[in-house]
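These notes concern the structure reproduced below.
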Amino acid sequence: MLRNAVSRLDPRTTGSLVAAASDVSLVVDGSGVIRDAAFGADGLSEEAGETWLGRRWIDTVTVESRPKVLSLLEDAEPGAVTRWRQVNHPSAQGGADVPIRYAALRIPDDDRIIVIGRDLRALSALQQRLAESQQALERDYARLRGAETRYRVLFQLAGEPILIVDAGTRRITEINPAAARLLGRAVKRIVGRDLVDLFEPEGGRAVQSLLVGLRLTGQAEDLTARLAQRRGEARVSATLFREEAGTSILVRLNARAPAASPAAMRSGAIEVIEAMPEGFVVTDRDRRIIGVNAAFLDLAQLATEHQAKGEPIERWLGREGAEIGALFTTLAEHGSVRHFATVMRGEFGAVNEVEVAAVSVPGGDRPCFGFTVRTLPRRVAAATPGGRELPRSVEHMTELVGRVSMKALVRETTDLIERLCIEAALRITNDNRASAAEMLGLSRQGFYAKMRRYGLGDLDGADEPDEREE
């Protein structure tokens with residue numbers, strides 16, 4: 001019925017209807033040239049350009065959209081509208097490309113094609129805002145995940161026994177390893193239990209009163225209660241805090257009577273450190289060695305601990321002074337260092353690639369630094385002339401900052417760039433060395449000299465630089 005009604009319209013009325021129903025309408029002749037254009041969307045003619053008349057339709061679009069225009073022109077048939085294709089036009093005002101969705105219809109008994117388009121600028125802007133919102137959400141999620149990770153690490157590594165208790169049910173939701181050791185039970189056997197059950201009956205009643213007062217007033221005085229299973233006395237401190245939609249209580253336990261002899265624990269720890277297969281060394285604030293284990297002595301090629309005591313650690317650890325300085329600076333700022341790659345130099349010339357983990361111990365009568373030194377598996381790398389190892393990537397060069405001097409880093413980086421350029425030129429020219437030299441702006445003599453310097457290609461039997469080409 002709609003087709004019958006439209007068939008009775010005169011050509012002028014039909015043209016007005018097409019122009020009003022679309023954001024842009026074009027009349028394209030058989031050669032693909034735009035003979036007429038009408039814009040219905042606000043600002044589209046200024047944004048897309050008003051100079052389309054007399055130009056080929058394919059010349060008004062971006063390079064990647066040209067195959068789509070050709071497809072629309074080829075698929076246009078009388079009586080059937082082509083499928084919609086998105087095409088981008090360069091902005092006449094120098095802004096972002098203008099996206100338009102087109103469909104085409106060929107006029108019966110004529111070589112002209114009617115093209116109608118829908119403006120997608122609003123949809124594109126909406127998609128851009130959606131992408132920006134998604135990126136903002138991902139950044140916020142990354143920050144929250146980082147904060148949660150830091151909380152988890154602090155919670156697990158804290159030496160003070162800590163429990164997280166649900167304020168409404170008094171059930172324990174989280175417990176750190178220090179609290180599990182104090183209570184003498186496995187973590188999974190404590191989580192989910194009533195906090196009061198961890199104390200003897202009298203102490204449990206006192207803790208229950210403490211929790212009731214904390215929920216009512218938001219604060220409570222510390223108390224001393226005896227732990228169950230004869231684990232001794234502990235001072236109980238509680239703090240109320242809100243998280244998500246609920247309220248929780250952070251409970252801290254300070255043991256009054258240690259469960260084990262500290263002297264025995266220290267003795268056992270020393271024996272473990274001495275038997276470790278990885279090197280262990282302790283230094284004072286001046287970087288002088290206080291103590292080492294046998295594995296460190298093996299790496300340093302020393303016979304006794306006496307040879308190492310009082311000596312600066314950089315005598316054996318690190319490539320040069322700047323690298324050890326960077327290690328101690330990071331250690332002083334952050335308190336710990338992990339996966340610090342460096343070398344260990346033995347007393348008799350042996351060099352081993354090692355990975356260092358370190359921690360700062362600022363407390364006590366004698367502040368110190370502790371280091372573990374783990375040897376890395378040897379990697380087979382292609383040797384470069386002069387015995388210098390080139391940086392492998394930008395990330396590798398970044399890792400070298402602070403470990404080697406700036407002059408050496410710039411020199412090695414220049415060598416890396418020269419070698420990569422020569423390899424790329426040889427690959428592009430299919431190993432035609434004359435063409436590669438010309439591409440790089442080098443003489444054949446200079447090109448061969450650089451190939452020999454970096455050990456590239458097989459120069460045996462190659463044309464000598466002074467040899468004439470036929």
Side-chain angles (χ1 to χ4, degrees), residues 133-260 262 265 333-336 338 359-363:
S133 300
Q134 181 66 27
Q135 292 176 357
L137 287 175
E138 291 178 356
R139 288 193 295 269
D140 292 340
Y141 174 72
R143 283 195 295 269
L144 289 175
R145 186 172 56 186
E148 181 180 1
T149 300
R150 290 191 293 272
Y151 155 73
R152 292 289 179 187
V153 171
L154 290 174
F155 185 75
Q156 295 295 326
L157 297 181
E160 184 179 21
I162 301 174
L163 302 94
I164 305 297
V165 180
D166 184 86
T169 62
R170 297 190 318 215
R171 298 289 179 182
I172 299 171
T173 57
E174 292 186 64
I175 178 173
N176 70 343
R181 289 193 297 268
L182 175 63
L183 298 172
R185 306 180 191 180
V187 172
K188 62 182 179 181
R189 296 177 64 89
I190 300 175
V191 174
R193 298 193 59 178
D194 193 327
L195 177 65
V196 176
D197 295 341
L198 301 181
F199 301 88
E200 292 185 355
E202 184 178 354
R205 288 190 292 269
V207 171
Q208 184 175 358
S209 300
L210 180 144
L211 297 180
V212 171
L214 184 65
R215 289 198 302 269
L216 293 176
T217 64
Q219 56 185 359
E221 296 291 336
D222 297 352
L223 59 85
T224 300
R226 185 170 293 276
L227 298 171
Q229 298 182 351
R230 300 180 180 180
R231 302 299 296 182
E233 288 187 343
R235 188 165 185 82
V236 182
S237 304
T239 304
L240 192 69
F241 67 94
R242 299 187 63 85
E243 59 175 355
E244 296 181 355
T247 305
S248 299
I249 300 174
L250 186 145
V251 179
R252 293 177 297 155
L253 303 178
N254 185 9
R256 292 296 187 184
M265 293 180 62
E333 291 177 355
H334 301 285
S336 64
R338 294 182 180 178
V359 65
S360 173
V361 184

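All values derive from a computational prediction rather than experimental measurement.
The environment of CD in Glu221 is sparse: at most 12 heavy-atom neighbours from other residues, nucleotides or ligands sit within 6.0 Å. The 12-atom threshold is exceeded at CZ of Arg235, counting heavy atoms of other residues, nucleotides or ligands nearer than 6.0 Å.
What you find for Ala179 and Pro161 is that their closest heavy atoms are CA-CB, 3.5 Å. Here the closest heavy-atom approach between residue Arg231 and residue Leu227 is recorded as CB-CB, 3.8 Å. Closest approach of Ala167 to Leu240, counting heavy atoms only: CB-CD1, 4.2 Å. The shortest non-hydrogen separation linking Arg185 to Asp197 is NH2-O, 4.3 Å. The nearest pair of heavy atoms linking Ala225 to Phe199 is CB-CD2, 3.7 Å. For the residue pair Leu223 and Ala206, the shortest heavy atom distance occurs at CD2-O, 3.5 Å.
Taken from CZ in Arg171 to CG in Asp166, the straight-line distance is 10.0 Å, to the nearest 0.5 Å. Separation of atoms CG (Leu253) and CG (Asn176) is listed at 9.0 Å; rounding is to 0.5 Å. Rounding to the nearest 0.5 Å gives a distance of 12.5 Å between OG1 of Thr173 and CD1 of Ile190. The distance from atom CG of Leu183 to atom CD1 of Ile172, rounded to the nearest 0.5 Å, is 7.5 Å. The CG atom of Leu211 sits 5.5 Å away from the CG atom of Leu195 when rounded to the nearest 0.5 Å. Rounded to the nearest 0.5 angstrom, Leu182 CG and Asn254 CG are separated by 9.0 Å.
Each of Leu198, Val236, Leu250 was compared with Leu163 under the side-chain contact (heavy atoms from CB on, under 4.5 Å) criterion, and only Leu198 meets it.
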Throw together a table of side-chain donor-acceptor distances under 3.5 angstrom for residues 141-159, partners on residues two or more places apart or in other chains.
unit_1 : atom_1 : unit_2 : atom_2 : d
Arg143 : NH2    : Asp140 : OD1    : 2.0
Thr149 : OG1    : Arg145 : O      : 2.8
Arg152 : NH1    : Glu174 : OE1    : 2.4

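The pair Asp194-Arg170 meets the salt-bridge criterion, since a charged nitrogen lies less than 4.0 angstrom from a carboxylate oxygen.
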